[in-house]
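Read through the structure below, which is laid out as structure tokens, and then see the notes.
Only heavy atoms go into these numbers, but all of them, side chains included; no hydrogens, no water, no symmetry mates. Just so it is clear, the model here is predicted, and its values are computed rather than measured.
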Amino acid sequence: VIEERKHFLAVIILVVIGTVIYANSFGNGFVWDDFPLLVHNSRIRSLGNIPAMFLDLKGGGYRPLREASYALDYFFWGLNPWGYHLGNLLLHLLNAVLVYLIINRLFGRWKLALLVAIFFVSHPIATESVTWISGRRDVLTAFFFFLSLFLYLKSNRPSGGKIFLYLGSLTAFILALLAKEMAITLPLVIILCDYSFQLRKKSATFISWIKPYLPFLALSLFFALFFL
């Protein structure tokens with residue numbers, strides 16, 4: 001119970017800090033790329049167009065999940081920029097919570113995890129991604145990137161449910177790739193975490209060692225070849 005209260009307190013602190021920092025973005029309107037991506041994009045005005053977004057392979061930058069998220073925003077908010085800013089902020093807050101969970105899992109120290117997450121949620125380098133509606137690609141990718149990493153780390157636990165956590169991690173990785181191609185770096189992060197924190201037992205052969213990474217590496221290679 002005490003441990004749960006610590007985590008709950010950490011989440012509250014992160015939400016309050018992030019909201020206070022970015023609350024002033026709610027009054028901002030559409031700027032720059034927001035117009036071709038949202039305001040003048042008739043495709044986001046119907047949820048029925050979402051499948052077409054994933055099938056459209058023309059042009060540079062295959063990021064259908066971002067466009068699909070705009071369609072969901074339009075369904076709820078129309079062209080009211082307030083709702084789109086809210087979506088970006090919620091994703092950033094969720095990312096901060098995931099950073100907290102990941103660091104706490106790696107180090108087992110909730111105060112250290114909270115400190116790192118506070119640094120993450122308040123660092124000005126994220127300002128453009130959070131306050132610019134077109135920056136949705138970054139906060140959306142980060143969400144599924146962190147979620148995939150967290151689920152993978154949990155799948156290393158000795159208890160049951162490992163296969164479901166592993167498949168959940170793979171699914172989140174695919175969604176991260178569909179939001180922005182920079183997610184192809186995740187397999188390297190996973191391998192480095194396993195190696196640095198000795199999360200896996202030593203394998204007898206190279207095949208048994210690389211086996212858990214193969215689906216991640218294959219997905220990264222596929223997206224690098226066809227969408228970069």
So Phe227 and Phe223, would you call those rings parallel, tilted or perpendicular, with 30° and 60° as cut-offs?
tilted
Side chain to side chain contact (heavy atoms under 4.5 Å, CB included), that's the test. Do Leu38 and Ile133 meet it? Break it down for me.
CA-CA 9 Å; Leu38 287 96; Ile133 295 173; 4.0 Å; yes
Tyr22 (side chain) donor-acceptor with His92 (main chain) under 3.5 angstrom
no
Are Ile174 and Met182 in one and the same hydrophobic cluster, where Ile, Leu, Val, Met, Phe, Trp and Tyr link if side-chain heavy atoms are under 4.5 Å apart?
no
Output yes when a side-chain donor or acceptor of Ser169 lies under 3.5 Å from a complementary backbone atom of Ser148, and no otherwise.
yes
side-chain hydrogen bond (donor to acceptor under 3.5 Å, both in side chains), that's the test. Do Asn49 and Glu67 meet it? Break it down for me.
CA-CA 10 Å; Asn49 292 327; Glu67 190 176 13; over 6 Å; no
Applying side chain to side chain contact (heavy atoms under 4.5 Å, CB included) to Leu98 and Phe120, what does each step give before you reach the verdict?
CA-CA 11 Å; Leu98 284 170; Phe120 173 86; over 6 Å; no
Would one find more than 12 heavy atoms of other residues, nucleotides or ligands at under 6.0 Å from atom CZ of Phe26?
yes
Should the heavy atoms of other residues, nucleotides or ligands under 6.0 Å from CG of Leu192 be counted, would the total exceed 12?
yes
Ring centers of Phe222, Phe226 separated by less than 6.0 Å:
yes
Please identify which of these residues, Val15, Val16, Leu9, meets the side-chain contact (heavy atoms from CB on, under 4.5 Å) condition with Ile13.
Leu9
Determine yes or no for a side-chain-to-main-chain donor-acceptor pair under 3.5 angstrom, with Tyr62 supplying the side chain and Phe54 the backbone.
yes
Would the distance check show the side chain of Asp138 and the main-chain N or O of Ser129 forming a donor-acceptor pair, the cut-off being under 3.5 Å?
no
For Asn28, is there any backbone N or O sitting under 3.5 Å from a side-chain donor or acceptor partner on His85?
yes
Under 3.5 Å: donor-acceptor pair, side chain of Ser25, backbone of Thr131:
no
Is the Phe107-Phe197 ring centre distance short of 6.0 angstrom?
yes
Please confirm whether Tyr84 and Phe76 have ring centers closer than 6.0 angstrom.
no
Could you tell me whether the side chain of Asn88 and the main chain of Trp132 form a donor-acceptor pair under 3.5 Å?
yes
For the pair Asn95 (side chain) and Phe143 (backbone), establish whether a donor and an acceptor sit closer than 3.5 Å, ignoring hydrogens and angles.
yes
Look at the side chain of Asp56 and the backbone N and O of Ala52, then say whether any donor-acceptor pair between them is shorter than 3.5 Å.
no
Is the side chain of Asp34 donor-acceptor paired with the backbone N or O of Val31 at a distance under 3.5 Å, no angle test?
yes
Ring centres under 6.0 Å, that's the criterion: do His40 and Phe30 meet it?
no
Just to verify, which of Tyr213, Tyr152, Phe216 counts as forming a ring pair (Phe, Tyr, Trp, His ring centres under 6.0 Å) with Phe173?
Phe216
Could you see if Ile102 belongs to whatever hydrophobic cluster contains Val189? Use Ile, Leu, Val, Met, Phe, Trp, Tyr and a side-chain cutoff under 4.5 Å.
yes
